[in-house]
4 protein chains.
Amino acid sequence: MSPRTEEQYEEIRHEKRVLIMNTALELFAMHGYENTTISQIAKKAGISKGLLYNYFESKEYLLEAILNKGMDEVLEIFDPNKDGVLETYEMEFFINEIFKTVEKNRVFWRLYMAISLQPSVFKLVEKRIEELYEPMMQLMLGYFKNAGSANPFMDAIIFNSLLDGITLDYILKPDIFPIEDIKKELIHRFCIHKKTVS
Amino acid sequence: MSPRTEEQYEEIRHEKRVLIMNTALELFAMHGYENTTISQIAKKAGISKGLLYNYFESKEYLLEAILNKGMDEVLEIFDPNKDGVLETYEMEFFINEIFKTVEKNRVFWRLYMAISLQPSVFKLVEKRIEELYEPMMQLMLGYFKNAGSANPFMDAIIFNSLLDGITLDYILKPDIFPIEDIKKELIHRFCIHKKTVS
Amino acid sequence: MSPRTEEQYEEIRHEKRVLIMNTALELFAMHGYENTTISQIAKKAGISKGLLYNYFESKEYLLEAILNKGMDEVLEIFDPNKDGVLETYEMEFFINEIFKTVEKNRVFWRLYMAISLQPSVFKLVEKRIEELYEPMMQLMLGYFKNAGSANPFMDAIIFNSLLDGITLDYILKPDIFPIEDIKKELIHRFCIHKKTVS
Amino acid sequence: MSPRTEEQYEEIRHEKRVLIMNTALELFAMHGYENTTISQIAKKAGISKGLLYNYFESKEYLLEAILNKGMDEVLEIFDPNKDGVLETYEMEFFINEIFKTVEKNRVFWRLYMAISLQPSVFKLVEKRIEELYEPMMQLMLGYFKNAGSANPFMDAIIFNSLLDGITLDYILKPDIFPIEDIKKELIHRFCIHKKTVS
DNA sequence: GATGAATGAGCTTTCATTCAT
DNA sequence: TATGAATGAAAGCTCATTCAT
């Protein structure tokens, strides 16, 4: 056996980081950030407390890393059309993407929302939230303008709130919330084919 | 000097209870339940820690009392139509009531939502939530049926999610969220006046 | 109704003192001195905490008063023969008296023994204990000498320990400890009629 | 540096546990369970409060561990003759063993008796007490029967009470109680040598 | 890199005692 | 005399973080 290469070590480090972050995310989302102890995370991840501090400077930095990673993943959706306008025919794809993200990262969203509701921790996500909401609003604004809305600003805000509400309700009751039906309904209601804005 | 009468004691007790609950609600909502210490509450309320425990058995019971009181106030909205159906012409009144409640109890809703997102504390509100959502859904279901909706169940869920999303966004950014405009828009969109029901 | 006389007030004060002391004794003996709160005592006695402090300067003084009163009652047994010698024919009477006291003041003895075992509170009873044991030992010593014992000192100590052990066991399991039979047995064993020391 | 081996940790843990238990036993016995604070124990043991909780879940569990360990040690005396009968010639050995235990574990016995006298804490030792008294009584019963006693049950109870009383008096005044002489006297009185059994 | 024993600041909670009425 | 609201010191306990190995 030859000693591990620099890259292998790097790989191991990266995998452990991900392990810790995923473990912590689950616990944070389930019991809340304050109710989760470093011991619990270390135990569930199968490592020692000391090692955890080898990867993350503090509990708060760990949380920050988790939130940033989650936000990065979410923000990728907006990349394709980053500086463009959402054409009406793209709306269906967009809604699908959003729902896919929400369903895939349910646990992250729960944590994210809980944190958002806590002003004293909110600073950790405040900046990233702007990165999310600003392009989102621009996209929607452009879309509704394009679709000939009488009040595109109002339409955008309401659509945005509706998505937030759906996400919230889905997170709170994932087992009984009919997320697939809701998605279809949204597509049906908001994806205007051709020029027939009702 | 003779001791205070029972009524005087009752008065004192009631006022202090309210003072403590209001103070705690604000702090809980602002910094989160776990991040708020009994010391902070006592200090802000201008009383000693010991006295607080004279009124509430524990920090958790204090939270429970706050949540229950808030839920009681919110549930009063449903009283007028408790076992009836929401007639189409009543929808405007109903939306107005909901928005009034949300605006008036902004702080409570923030706490309430934060708690709901934390499964381990969720048990405190679980039962009360059912008291809120069940009649709400029935009311909406009846309303949309009455209004001739093709899919009243879907309409009810979406309307409900929309309200949740609006509440959430308003709570997170009360200063910039155009709550009044949104309310008008909702009334405009969802209040079907008798003659126009097809 | 004429105002109460000075004596009547004094009478009321005395009765209330006794009420508080008896209530406290029971609680102290049942749950221990440290585990009993002033609130509990006041509540069980049907008075306010403030009033209790009107009668007793502190919790410790209350305990002291209880212990002293109990000791006084116990010490009365020794009065009849205080400076005399226990004649052999008086032993039966004496044992009867001791058992009567133990049975009557079971609760007091429990407290008294518990306190004795706690050096830091022991100072409260230390002096009174000497008042009890010293004459007791003298009495026994005289008795066994009188009865022609080969080692009256040893006999006295052992007899004393036996009484202590009986008291302890009776206190710990009053329902199953055959106190009456034991008493008869003691009388049978230690009351030497005439000169037939076995 | 590589981390300590499992054995090293085990060693450390065991030694600390013993240190804490011995320190706590002494303080509990001296000042009483309720009057002893965790801080005092930690300080006297030369460790932090936090560490103590690393080893014992709570103050009560610490007490329980102490009582159980003490009882285990005491119960070992009964092992040799566990299911047998105490032959008359073994009585001397048995009395010697009992006195040895009492003298060696004086501090434990003080705590044990104090706890026994406090019904609300009694549950901690209730079960263990039965383990002690039941075989003790059986042994004594067998012994006195064997020795031709007219009332072996009474003899057993009285002998038991005598031992309890001696233990109590010795604990209360170890410096002046003539425990060695008493032991000899007991052996003299209760060890019936085969030939002299009438 | 990896361990978990060890720390200590800070939390919730209790309760003897005081005091305005 | 009598009340119970109010205090505050001190208790038990938790947990993020450190560090010797």
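Lettering follows sequence order; numbering is per chain, from 1. What you see is a predicted model; the values in this text were computed from it and never measured.
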I want to verify a distance call: between [options], whose nearest atom is closest to the [X] side chain?
X: B:Ser48; options: E:dA5, F:dT7, E:dA2; result: F:dT7
X: A:Leu51; options: E:dA6, F:dA6, E:dA2; result: E:dA2
X: D:Ile12; options: F:dT3, E:dT12, E:dA5; result: E:dA5
X: C:Tyr55; options: E:dT21, F:dT3, F:dA2; result: F:dA2
X: D:Lys16; options: E:dA6, E:dT3, F:dT17; result: E:dA6

Is the backbone N or O of [Y] less than 3.5 Å from a side-chain atom of [X], with the two atoms forming a donor-acceptor pair by type?
X: A:Arg110; Y: B:Leu117; value: yes
X: A:Glu15; Y: A:Ile12; value: no
X: B:Thr23; Y: B:Ala45; value: no

5′-ward residue of the pair B:Ile38/C:Tyr33 relative to DNA chain E: B:Ile38

5' priority, DNA chain E, between D:Leu52 and B:Gly50 [closest heavy atom]: D:Leu52

Using atom [atom1] of [X] as one end and atom [atom2] of [N] as the other, report the distance to the nearest whole Å.
X: A:Lys59; N: F:dT18; atom1: NZ; atom2: C1'; result: 17 Å
X: C:Tyr53; N: E:dC15; atom1: OH; atom2: P; result: 12 Å
X: B:Ile47; N: F:dT7; atom1: CD1; atom2: P; result: 7 Å
X: D:Arg4; N: E:dA5; atom1: CZ; atom2: P; result: 9 Å
X: D:Phe56; N: F:dT14; atom1: CZ; atom2: P; result: 15 Å
X: A:Ile41; N: F:dA16; atom1: CD1; atom2: P; result: 8 Å
X: C:Leu19; N: F:dA2; atom1: CG; atom2: C1'; result: 14 Å
X: B:Ile20; N: F:dA5; atom1: CD1; atom2: C1'; result: 11 Å

CD/B:Gln40: more than 12 non-hydrogen atoms of other groups inside 6.0 Å: yes

Should [X] be listed as having a side-chain N or O under 4.0 Å from OP1 or OP2 of [N]?
X: C:Asn54; N: F:dA2; result: no
X: A:Arg13; N: E:dG1; result: yes
X: B:Tyr9; N: F:dG4; result: no

Candidate pair C:Val107 and C:Asn22, rule side chain to side chain contact (heavy atoms under 4.5 Å, CB included), full reasoning: CA-CA 10 Å; C:Val107 185; C:Asn22 286 342; over 6 Å; no

Watson-Crick or G-U pairs under 3.5 Å in DNA chain F, rendered as dot-bracket with [ ] for crossing pairs and | for another strand: .||||||||||||||||||||

Pairwise 5' ranking along DNA chain F for D:Ser39 and C:Gly46, keeping only the more 5' one: C:Gly46

Cation-pi geometry met for D:Lys59 and D:Tyr33 (6.0 Å, 45°): yes

Salt-bridge criterion met for D:Glu11 and D:Arg4 (N-O under 4.0 Å): no

Touch class at under 4.0 angstrom, heavy-atom based, for D:Thr5 against every strand present: nothing

Sugar-phosphate only, base, or nothing, as touched by A:Lys49 at under 4.0 Å among non-hydrogen atoms: base

Test side chain to side chain donor-acceptor pair (under 3.5 Å) applied to D:Glu64 - qualifying residues, sequence neighbours left out: none

